[in-house]
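Down below is the structure, laid out as structure tokens.
To find a chain, count down the sequence lines: A is the first, B the second, and so on, and within it residues start at 1.
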Amino acid sequence: MFDNPYSTTVLTWYQANARDLPWRRPDASPWSILVSEIMLQQTPVVRVRPAWEAWMERWPTPADLAAEPSGEAVRMWNRLGYPRRALNLHACAREIVNRHGGQVPDSHADLLALPGVGPYTAAAVASFAFGQRHAILDTNVRRVLARADTGIEYPPKAQSKAEVRLAESLLPPEPDVAARWGVAIMELGALVCTARSPACADCPIADKCAWRLAGKPAHDGPPRRGQTYAGTDRQVRGRLLAVLRDAPGPVEKPALDGVWDEPVQRERALDALVADGLVDPLDDGRYALPS
DNA sequence: CATACGTGGAG
DNA sequence: TCTCCAAGTAT
């Protein structure tokens with residue numbers, strides 16, 4: 001039997017407080033929803049929205065993107081971050097055209113098989129685009145459940161089986177209700193039960209929240225990792241790719257050498273970009289975005 | 001299972 | 001200024 005103590009109040013809260021995001025419109029296509037989910041991986045909504053608008057205007061269907069060279073996807077991705085996602089989306093488009101008749105597949109297994117689509121994204125697309133019943137367990141939901149149910153400020157660093165079981169146990173039985181519950185609990189985490197300063201005064205489940213009821217005990221365990229960025233290969237890769245993106249065509253090696261003094265790290269980063277398929281080394285010694 | 005993988009805004 | 005973090009995935 002179904003017992004989700006938060007369901008009714010969270011669904012009501014969502015109805016009144018949900019953001020009006022373009023990929024949530026009733027007429028949003030499965031493709032547009034897949035694009036949004038890939039873009040939203042580790043990237044804030046405010047930065048995704050304009051990128052999504054531009055992307056969907058240029059490539060409204062998988063076939064539109066599949067017809068382009070992958071480098072065009074990388075260029076269009078601009079500074080959204082994690083540019084391999086642009087490559088993934090392009091590969092998704094080609095696979096959807098070649099193996100799924102141009103339509104985004106609706107089964108969780110087929111979605112999971114697409115490049116760059118993991119457990120979360122597969123569940124999100126199956127649920128949000130196709131109204132299926134799947135547990136949605138992203139960083140927002142993990143935080144809400146950690147607080148409301150477990151009574152701790154932050155979820156563990158690595159997702160546990162217990163978290164998955166909990167999320168599944170809270171799933172309403174009817175697929176359409178389950179789909180609304182998934183997006184609603186996620187939205188609650190994004191707008192109210194935030195990482196830094198949760199707005200418990202505005203929270204519809206504050207009276208049932210184990211963490212708040214316990215007096216909001218501070219995070220226990222080891223300090224959370226700071227992902228230092230300055231000086232890393234990631235920064236070098238970012239600068240290298242920016243040169244290629246901002247150039248109209250292939251660039252000479254010296255143009256790339258200019259972005260970083262340390263030659264060993266610079267070459268390593270460039271080699272890695274080539275290995276990842278983000279950069280194409282031409283026969284004449286120049287470099288370009290992939291074709 | 002821990003680590004690599006971009007970027008920019010908020011506190 | 002500097003740390004933290006934002007709808008994760010692949011290896």
Side-chain angles (χ1 to χ4, degrees), chain A residues 18-19 21-24 28 32-52 74 77-89 91-92 111-129 134-144 153-161 163-164 167 179 182-191 193-198 219 222-245 259 265 268-269 271-273 275-279:
Chain A
R19 287 168 293 182
L21 301 175
W23 48 85
R24 283 183 184 161
S32 76
I33 291 173
L34 174 60
V35 171
S36 78
E37 290 301 337
I38 298 283
M39 287 185 169
L40 285 162
Q41 289 169 1
Q42 299 285 283
T43 308
V45 166
V46 285
R47 287 177 50 210
V48 166
R49 192 198 288 249
W52 181 91
V74 174
W77 198 255
N78 200 8
R79 303 187 65 81
L80 252 198
Y82 292 145
R84 59 178 50 171
R85 291 182 294 164
L87 243 29
N88 288 151
L89 216 30
C92 276
L111 287 163
L112 195 53
L114 295 172
V117 174
Y120 162 74
T121 302
V125 173
S127 179
F128 307 154
H134 295 282
I136 301 300
L137 196 54
D138 75 329
T139 187
N140 290 301
V141 178
R142 293 187 65 213
R143 188 175 54 251
V144 173
E153 185 175 18
Y154 297 116
K157 208 153 112 91
Q159 187 181 112
S160 69
K161 289 301 226 11
E163 291 180 87
V164 176
V183 71
I185 191 66
M186 200 164 53
E187 188 78 335
L188 184 64
L191 298 184
C193 193
T194 59
R196 291 287 184 76
S197 48
H219 176 66
R224 331 209 338 128
R225 74 145 185 269
Q227 46 173 179
T228 53
Y229 177 63
T232 62
D233 285 12
R234 289 156 79 168
Q235 182 179 25
V236 184
R237 289 167 56 110
R239 288 193 185 182
L240 253 13
L241 203 55
V243 172
L244 276 296
R245 260 197 329 258
V259 307
Q265 185 178 25
R268 181 174 65 225
D271 288 347
L273 285 172
D276 287 350
L278 284 162
V279 172

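For the pair A:Ile136 CD1 and C:dA7 P, the computed distance is 14 Å after rounding to whole Å. Remark: C1' of B:dT7 and CZ of A:Arg234 are 10 Å apart, rounded to the nearest angstrom. Rounded to whole Å, the distance from CD on A:Gln159 to C1' on B:dC1 is 13 Å. The separation between A:Arg79 atom CZ and B:dC5 atom P is 17 Å, rounded to whole Å. For the pair A:Leu40 CG and C:dT9 P, the interatomic distance rounds to 12 Å; values are reported in whole Å. Here the P atom of nucleotide C:dT9 and the CE atom of A:Met39 are 16 Å apart, to the nearest Å. Atom CZ of A:Arg143 and atom P of C:dC5 are 9 Å apart (whole Å). The interatomic distance linking A:Leu240 (CG) with B:dC5 (C1') rounds to 15 Å, in whole Å.
Base contact: A:Trp23 has a heavy atom under 4.0 Å from a base atom. Among the atoms of the strands shown, base atoms are found under 4.0 Å from some heavy atom of A:Arg19. Here A:Val117 lies in heavy-atom contact (under 4.0 Å) with sugar-phosphate atoms only. Nucleic acid contact class of A:Ile185 (heavy atoms, under 4.0 Å, all strands): none. Residue contacts for A:Gly118: at a heavy-atom cut-off of 4.0 Å it reaches the sugar-phosphate backbone alone, with no base atom in range.
Close to C:dG8, at under 4.0 Å from its OP1 or OP2, lies a side-chain N or O of A:Gln42. In this structure, A:Arg237 reaches the B:dG6 phosphate: one of its side-chain N or O atoms is under 4.0 Å from OP1 or OP2. Proximity of A:Tyr82 to the phosphate of C:dG8: no side-chain N or O atom is located under 4.0 Å from OP1 or OP2.
Set against C:dA6, C:dG8, C:dT9, the side chain of A:Pro119 has C:dT9 as its closest nucleotide. Nearest to the side-chain atoms of A:Arg24 among the listed nucleotides C:dA7, B:dG6, C:dA6 stands C:dA7. Among B:dT7, C:dT9, C:dC5, the nucleotide with an atom closest to any side-chain atom of A:Thr121 is C:dT9. Here C:dC5 is the nucleotide among C:dA7, C:dC5, B:dT7 with the atom lying nearest to any side-chain atom of A:Tyr154. Nearest nucleotide to the side chain of A:Glu187, out of B:dT7, C:dA6, C:dA7: C:dA7. Proximity note for A:Arg196 (side chain, C-beta onward) versus C:dC4, C:dA7, C:dG8: the nearest is C:dC4.
Counting only distance, with no hydrogens or angles, the side chain of A:Gln41 and the backbone of A:Gly116 share a donor-acceptor pair below 3.5 Å. Using modelled atom types, no side-chain atom of A:Arg245 and backbone atom of A:Val74 make a donor-acceptor pair closer than 3.5 Å. Under the 3.5 Å distance criterion, the side-chain polar atoms of A:Trp77 are left unmatched by any main-chain donor or acceptor of A:Arg84. Between the side chain of A:Arg237 and the backbone N or O of A:Ala269 there is no donor-acceptor pair closer than 3.5 Å.
The two residues A:Ala122 and A:Leu111 have their closest heavy-atom pair at O-CD1, 3.6 Å. Contact record, A:Ile136 with A:Ser127: CD1-CB, 4.1 Å, taken as the closest heavy-atom pair. For the residue pair A:Val183 and A:Arg24, the shortest heavy atom distance occurs at CG2-NE, 3.9 Å.
If you find the closest nucleotide of DNA chain B to A:Thr43 and to A:Ala158, the one lying nearer the 5' end belongs to A:Ala158. The 5' end of DNA chain C is approached more closely, in terms of each residue's nearest nucleotide, by A:Leu21 than by the other of A:Leu21 and A:Arg84.
Below the 3.5 angstrom threshold, one finds no donor paired with an acceptor across the side chain of A:Arg47 and the base of B:dG8.
Comparing the P positions of C:dT11 and B:dG6 gives an interatomic distance of 14 Å, to the nearest angstrom. Distance noted for atom P between C:dA7 and B:dT3: 23 Å (whole Å).
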